[in-house]
Amino acid sequence: MLAQGRTLVARACVVSLACLAWPPAEAGANDALRAESRYLFQPVPDGEFTAADGSTHRLSEIWDERPVLINLFFRRCTGSCSPLMHSIKQATEAAGGLGSDYAIVSLSFDPGDTTGDMRAMVDSLDLPSQGAWYVGTAGRDTIEGIAGAIGFWYATVPGTDQFDHPSLLAAVRGGKVVRILAGNTFDKGRMRDLLLEMRGVWVPFAPLPRGGASLRCFRFDEATNSLKLDWGMLLLLAPGCGAFAATAVVFLRRTKAK
Amino acid sequence: MELAKRNTLTWIAVTFVLFPILVLVGLFLRLVQGNTLGGAREWFYPMMTLHGVGMVGVAYVGGMACVERVLAKYTRPSDRVSLFAIVGTVIGVVLLLASVFLGKFAAGWYFLYPLPLKGNWPTWSAIVFLLCITVLGATWLVWCLDLLRAIAKQYSMSKALGWHYLAGKTEPEVPPAIIISTVSLIAAVACLLSGVIVLVLFYVELLTGTVNDALLMKNLTFLFGHVLVNLSLYLGLVVIYDVLPQYCGRPWKANKVVATAWNCVLVLVMVAYFHHLYMDFVQPPIVQYIGQIASYMISLPAAVVTIFGALTLMFHSKMRWTLASTFFFLGLLGWAIGGIGAVIDSTIAVNLKFHNTLWVPAHFHTYMLLGLMLMILGYFYHYLQEASQAAENRTVQKVLTGLMVVGGYGFLLMFYLAGAASVPRRFAAYPLEVAHGAGYSLLAVGFVVLFGIGLVLYISETGKCWLKAARS
C-alpha cells in the first residue's frame with residue numbers, strides 16, 4: 001500500500017516536472033503584431049535627398065537640429081497623397097511651430113519623379129519655405145530605408161501609372177521613430193499630440209473618435225500639459241459618502257425613535 | 001417552521017445547488033484551456049462569465065446568510081427582507097442564465113466598459129445581464145440596509161463601530177461580530193451604490209448614445225467589484241470571530257486593537273481597489289501609490305489582528321475539532337495564503353510582470369475557494385449540526401476534508417506556477433508562446449476532480465443534517 005502510494009507520488013512529480021519543463025515556443029511571425037509598436041523607437045537609416053530648390057541634405061542634419069515629420073508620396077498620385085499633404089499643412093498651420101520646433105520632410109518614392117515635379121508640388125500646395133518643409137527626391141536606398149523603418153510599403157498598380165500604398169506620417173526624434181500616424185487626414189488635435197510627443201512630452205489622453213464624455217475623472221489641460229480633476233471625480237466619491245450618509249440616517253432614526 | 005430557519009435552510013440549499021454546478025463550470029474552463037473539448041471552445045467566455053458572476057454571488061449571499069444568523073443572536077434582522085433577498089437572488093440567477101445560455105453574453109464577471117456594448121453577442125443579452133446585476137444589486141442593497149437597521153436597533157453607531165474602545169473605555173461590551181458586520185455592511189452599501197452608478201451610466205449610454213469616460217467607468221466598476229469580493233471575506237470572518245470561540249472554549253472579546261483594526265479597514269477598503277488600475281497609464285501616479293499603500297496597510301489590521309487573534313485563541317485551548325472548526329481553521333489558512341498572494345500582486349513592480357497572468361486567479365481562488373467558501377461551508381455544517389443534532393461520521397469528514405484540501409491546493413498550485421511562468425489568464429486557447437499553460441490546466445483538472453469528490457461527500461454529509469433540520 002505504502003509502495004503504491006510512493007509510486008503514485010513519484011509519477012505525479014514526474015508529470016509536474018514535465019509540465020514545468022515544457023519550453024515556451026518561439027514567437028512566430030504574427031501579422032496581428034504588425035502595428036505601430038513594432039516600429040516605435042527603432043532607428044531610421046540616414047540618407048541623402050535633393051530638395052525642391054535643388055539643394056542636397058542629409059536626414060541626420062535635420063533631425064540633429066529638431067524633431068522631424070516624415071512622409072512618403074509620389075507626384076502623380078490621384079489618390080491620397082495630395083489630400084494628405086494638404087491635411088498636414090492645415091494641421092501644422094493650426095498647431096504652429098513648423099520650422100522652429102520641428103521640420104517636415106516629404107520624399108517621393110517614385111523613381112520617375114524629378115526635382116521639377118517637387119517644385120510643382122510645393123507650388124501647387126503652397127507649402128512653407130525651405131528650412132521648414134523639405135519636399136524632395138532621394139535614391140532608392142534612402143527611400144527603402146525610410147519605408148522599412150516606418151512600416152511603409154508601395155506596389156505598382158498593373159495597367160496604370162499609380163502605386164498602391166498606405167498614408168503614413170512618422171514622427172522622428174533624434175533619428176528614432178516616436179510615433180506613426182495612419183490616415184488620409186490629420187486634425188489639429190492629433191497633430192498637437194504628435195508635436196508634444198516629438199518634444200518628449202508624454203501625452204496620456206487621446207481624443208475619442210466619437211467626441212468626449214461629459215463626465216470624466218480627469219481632463220487634460222492643453223495649455224499646461226497637465227491633468228486636472230473633472231466633475232466625474234464626484235461620482236467616485238459618491239458611493240463612499242452615500243454609504244456613510246445612509247448609515248448615519250439608519251442609526252439616527254434609531255436614536256430619534258428611542 | 002419559523003421563517004428565519006426556513007430562510008437559512010433555503011440559503012444553504014441555494015448554495016449547495018449553485019456551488020457544485022459552478023465548480024463544474026470551472027472544470028469546463030480548465031478542460032478547454034487544456035486543449036480538450038475543442039468543439040466547445042466558443043462557450044469558454046460565456047461560461048467564464050457565468051462562473052465569475054455566479055461564484056462571487058454565491059460567496060456573497062452565503063456570507064450574508066451566515067452573518068444574518070450570527071446577528072440574530074444579538075439583534076433581530078427582518079425575516080421578510082431575507083425572504084425578499086432570496087427571491088431577488090433567484091430572479092437575478094435566472095436573468096444571468098438567460099443572458100449567458102440564450103444570448104452567449106461573455107463580457108466577464110465585472111463587465112468592464114465598454115465591452116458589454118461592443119461584444120459579439122446580441123444587445124438584448126447585454127441588457128439582460130445588466131438587468132441581472134441591477135436586480136441583484138438592488139436586492140442586496142436592501143438586505144444590507146436591513147441588517148444595519150437591525151444593528152441600529154440595539155447599538156448606537158459609535159458602539160456598533162467600537163468607537164468607545166478607541167476612546168479607552170471597555171464598557172459596554174460589544175461583540176466583535178457586531179463591529180465587523182457594521183464595517184462590512186457600510187462597505188457593502190458603498191460598493192453597491194457604486195454598482196448602481198455604473199449601471200445608470202450604462203443605461204444612459206444604451207438609451208441616448210452618450211459616450212462614457214472609460215477611466216471613470218473602470219474606477220466605479222472596481223470600486224463595486226473589488227469591495228464586494230473584499231467584504232465578502234469579512235463576512236466570513238464575522239463567523240470566525242463569533243463561532244470559533246465556541247470550539248476553543250474561550251471568549252473572543254472586542255478591545256481597542258480589534259476596534260482600531262476594523263475602523264482602519266473601513267477607510268482602507270474604499271481605496272485599495274486602485275491596484276486594479278495599475279496598467280491604466282492615464283490614472284495619475286499618486287492614485288497608483290495610494291492603491292499600493294492601501295493594499296499593504298489593509299492586510300495589517302484585518303489579517304494580522306484576526307490571524308493572531310485566532311491563533312492565540314486556539315493556542316493551548318481544549319480545541320474541539322469537528323468538520324466546522326476544521327473548516328474554520330483551514331479557511332483562515334486559505335485567507336492568509338491568498339492574502340499574501342494578493343499583497344505580492346498589489347506591488348506595482350511585481351504587478352508589471354504578473355498583471356493578467358494566472359497568478360491573479362491563483363490568489364483570488366485561494367482566499368475565495370479555500371478561504372471564504374470553507375468558512376461558509378464550515379458555518380453551514382455548524383448551524384445544521386446544532387439544528388439537527390445528527391450523529392457525526394468522523395471518518396467521512398476526515399476523508400472529505402483531505403480530498404478538498406489536496407484537490408483545492410493542487411488546483412491552486414497549477415494557477416500559481418502557470419502565473420509565475422507568464423501564462424495569461426482568460427485565454428480559451430493558448431498560443432504557441434505560452435503553450436505550456438495547457439499542461440498546467442490538465443493537471444489542475446485532476447485536482448478539481450479530487451476537490452469535487454470531497455465537495456460531494458461534504459454535501460451528502462451535511463445534506464443529511466439539512467434534511468433532519470428541515471423535518472424537525
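Proteins get letters first, then strands, A, B, ... in listed order; numbering begins at 1 in each.
- Between B/Y155 and A/F251 the shortest heavy-atom distance is O-CE2, 3.4 Å.
- The stretch residues 217-226 of chain B places B/N219, B/L220, B/L223 near chain A, each with some heavy atom under 4.5 Å from a heavy atom of that chain.
- Counting heavy-atom neighbours within 6.0 Å of B/H164 NE2, excluding the residue itself, gives a total above 12.
- Chosen from B/L266, B/L185, B/L413, the residue pairing most often with chain A at heavy-atom distances under 4.5 Å is B/L266.
- Comparing A/A246, A/C217, A/A248 by heavy-atom pairs within less than 4.5 Å of chain B, the highest count is held by A/C217.
- Looking at B/Y273, only its side chain comes within 4.5 Å of chain A, counting heavy atoms on both sides.
- Nearest heavy-atom pair across B/D213 and A/R216 is OD2-CA, 3.3 Å.
- Interface with chain B: from residues 229-245 of chain A, residues A/G232, A/L235, A/L236, A/A238, A/P239, A/G240, A/G242, A/A243, A/F244 qualify, criterion being any non-hydrogen pair under 4.5 Å.
- The two atoms that bring B/M157 and A/T247 nearest to each other are CE-CG2, 4.1 Å, heavy atoms only.
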Please list, one pair per line, the donor and acceptor atoms closer than 3.5 Å that link side chains of residues 170-178 of chain A to other protein atoms, with sequence neighbours excluded.
unit_1 : atom_1 : unit_2 : atom_2 : d
A/R173 : NH1    : A/E197 : O      : 2.6
A/R173 : NH1    : A/M198 : O      : 3.4

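- Among the residues in residues 191-203 of chain B, those with a non-hydrogen atom closer than 4.5 angstrom to a non-hydrogen atom of chain A are B/L193, B/S194, B/I197, B/L201.
- Counting only heavy atoms from C-beta outward, the side chains of A/F218 and B/L215 approach each other to under 4.5 Å.
- B/A160 touches chain A through its side chain: at least one heavy atom from C-beta onward sits under 4.5 Å away, while N, CA, C and O do not.
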